[in-house]
Amino acid sequence: MSTEFAAWMDAVEPSETARMADLASRLRREGADVVGMETADPDFPTPEHVRDAAKAALDRGETGYPPTPGLYDFRAAIAHKLSAENDLPTDPEEVYVTPGSKYALFEAVATLVRAGDEVVIPEPAWVSYEPMVKIAGGVVEPMALDAETGFEPTAADLQSAVSDDTRLFVLNTPSNPTGAVYERETLEALADLAVDHDFWVLADEIYEKLIYDGEHVSIGSLPGMAERTITVNALSKGYAMTGWRLGYITGPQAFVDALGTLQSHSVTSATVFAQRGGIAALEGPREPFEELRETFHDRRDVLVDVLSDAGVDVPVPEGGLSAFVPVGTDDVAFCEALLESDHVATTPGTAFGREGYVRVCLTTDRVEEGIERLARQIA
Ligand code: PLP
């Protein structure tokens with residue numbers, strides 16, 4: 001049988017995050033006590049009221065296919081959240097529920113990007129944006145971000161990154177891996193350019209609930225942006241629900257309808273009883289999620305203190321679940337050595353498009369220990 005697969009296979013590498021996670025699992029299986037700072041997966045169980053809602057749905061026998069766009073009540077809860085919290089007036093019909101936001105992003109790119117279309121991605125960037133664009137046949141135009149500006153683009157950076165040929169700009173604030181939370185002025189500058197050059201913005205807001213400094217602004221709420229913004233979010237990170245695979249997407253009705261065609265011919269829908277949990281997460285008590293945010297905030301402070309005591313200058317993550325730490329050397333070799341000899345699992349910056357850095361996640365209660373070992377390895 002021929003092993004010649006589809007053309008995109010030549011352009012896309014397997015994920016480096018998965019490789020490091022596999023190496024860490026192997027060490028753990030061999031009995032090593034590994035400090036796990038390699039995945040952006042909150043180390044907390046989903047709060048009880050959410051689990052109860054899903055269990056109740058199962059016990060009622062709610063196990064069939066849900067409607068492709070998602071349960072109407074869940075879409076209504078999401079539309080209410082977007083309207084009330086994000087200043088994005090949204091109708092339930094304009095919301096699609098997806099199995100995780102990763103699939104929402106995949107669908108958005110597949111729906112918008114035509115062969116040869118230019119897609120601007122600020123880098124360092126989350127590992128999957130570039131492969132998604134390549135799979136769709138688009139051309140990635142990376143926009144390099146500086147540690148000196150806290151990995152936030154300046155107005156000049158934005159201006160030189162886009163043109164009339166730009167089809168789509170991928171925006172991720174708060175950012176994985178850097179933790180940057182873009183200022184309102186930065187988003188206003190981007191919005192002006194999007195209107196002038198007539199391009200779309202794909203806003204990945206998955207870390208919205210995990211902000212420690214600054215405020216979250218949804219770019220779709222800025223003047224002229226409703227018609228050209230696709231907003232993606234999920235319950236994964238801020239609600240400790242990564243394994244439930246619940247994401248959602250909204251945008252102009254024509255876009256949502258086109259995306260619906262893709263969803264109906266691919267995954268059909270997100271799991272029905274998981275969606276019942278999603279409704280409880282959005283409509284139930286907020287305290288458990290606020291505690292989650294406070295815990296990550298405390299860990300962020302510990303990370304910054306330990307690094308600063310060790311003389312390592314790191315842009316302070318203002319949100320999200322990770323920091324991007326300069327290691328001044330071959331980052332892949334650094335991560336492998338840190339894992340093998342000091343038993344701390346991290347991910348090389350190369351995976352996010354920037355050599356000489358590693359991403360460390362706050363998803364362990366051993367942040368202090370892990371960062372102390374990392375700082376020793378840098379010294
Ligand atoms: N977007 C960003 C920036 C992420 O970091 C992740 C997961 O790590 C995702 C999207 C996908 O998350 P999920 O599919 O769990 O909602």
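Counting starts at 1 for both ligands and their atoms, in listed order.
Of all the atoms in ligand 1, the ones that sit under 4.0 Å from a non-hydrogen atom of Y207 are 3 (C), 4 (C), 5 (O), 8 (O). Per-residue contacts place N172 under 4.0 angstrom from the following atoms of ligand 1 (heavy atoms of the residue considered): 3 (C). For ligand 1, the atoms sitting less than 4.0 Å from at least one non-hydrogen atom of A234 are 16 (O), numbered in the order shown with element in parentheses. Counting atoms of ligand 1 from 1 in the listed order, those under 4.0 Å from a heavy atom of G100 are 14 (O), 16 (O). Close approach of ligand 1 to R245 (heavy-atom distance below 4.0 Å) involves ligand atoms 13 (P), 14 (O), 15 (O). The ligand atoms of ligand 1 that sit less than 4.0 angstrom from a heavy atom of K102 are 11 (C), 13 (P), 14 (O). Less than 4.0 angstrom separates some heavy atom of Y129 from each of these atoms of ligand 1: 3 (C).
Taking atom 2 (C) of ligand 1 as the reference point, the nearest protein heavy-atom neighbour is D204 OD2, 3.4 Å. Shortest contact from atom 7 (C) of ligand 1 to any protein heavy atom: K237 NZ, 3.1 Å. The closest protein non-hydrogen atom to atom 11 (C) of ligand 1 is S101 OG, 3.3 Å. The nearest heavy-atom contact from the protein to atom 9 (C) of ligand 1 is W126 CZ2, 3.4 Å.
Nearest heavy atom pair, residue A226 against residue P252, reads O-CG, 3.7 Å.
Between E340 and R26 there is a salt bridge, with a side-chain nitrogen of the basic residue lying less than 4.0 Å from a carboxylate oxygen of the acidic one. With respect to the salt-bridge test (charged N to carboxylate O, under 4.0 angstrom), the residues E369 and R373 qualify. Using a cut-off of 4.0 Å between Lys/Arg side-chain N and Asp/Glu carboxylate O, R19 and E38 are scored as not salt-bridged.
In the hydrophobic clustering of this structure, L307 groups with M37; members are Ile, Leu, Val, Met, Phe, Trp, Tyr whose side-chain heavy atoms approach within less than 4.5 Å, directly or through other members.
Note that the CZ atom of R299 and the OG1 atom of T363 stand 7.5 Å from one another [nearest 0.5 Å].
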Please walk me through it: do I378 and V327 pass side chain to side chain contact (heavy atoms under 4.5 Å, CB included)?
CA-CA 6 Å; I378 295 176; V327 293; 4.1 Å; yes

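At a 3.5 angstrom cut-off on N or O pairs, N176 counts as close to ligand 1. Inclusion of S236 in the set of residues having an N or O under 3.5 Å from an N or O of ligand 1 is warranted.
Each of E290, E291, E85 was scored for a salt bridge (Lys or Arg N to Asp or Glu O under 4.0 Å) with K209, with one residue passing: E85.
For L105, the closest heavy-atom approach to ligand 1 falls below 4.0 Å.
The side-chain heavy atoms of Y96 and T68, taken from C-beta on, include a pair separated by under 4.5 Å.
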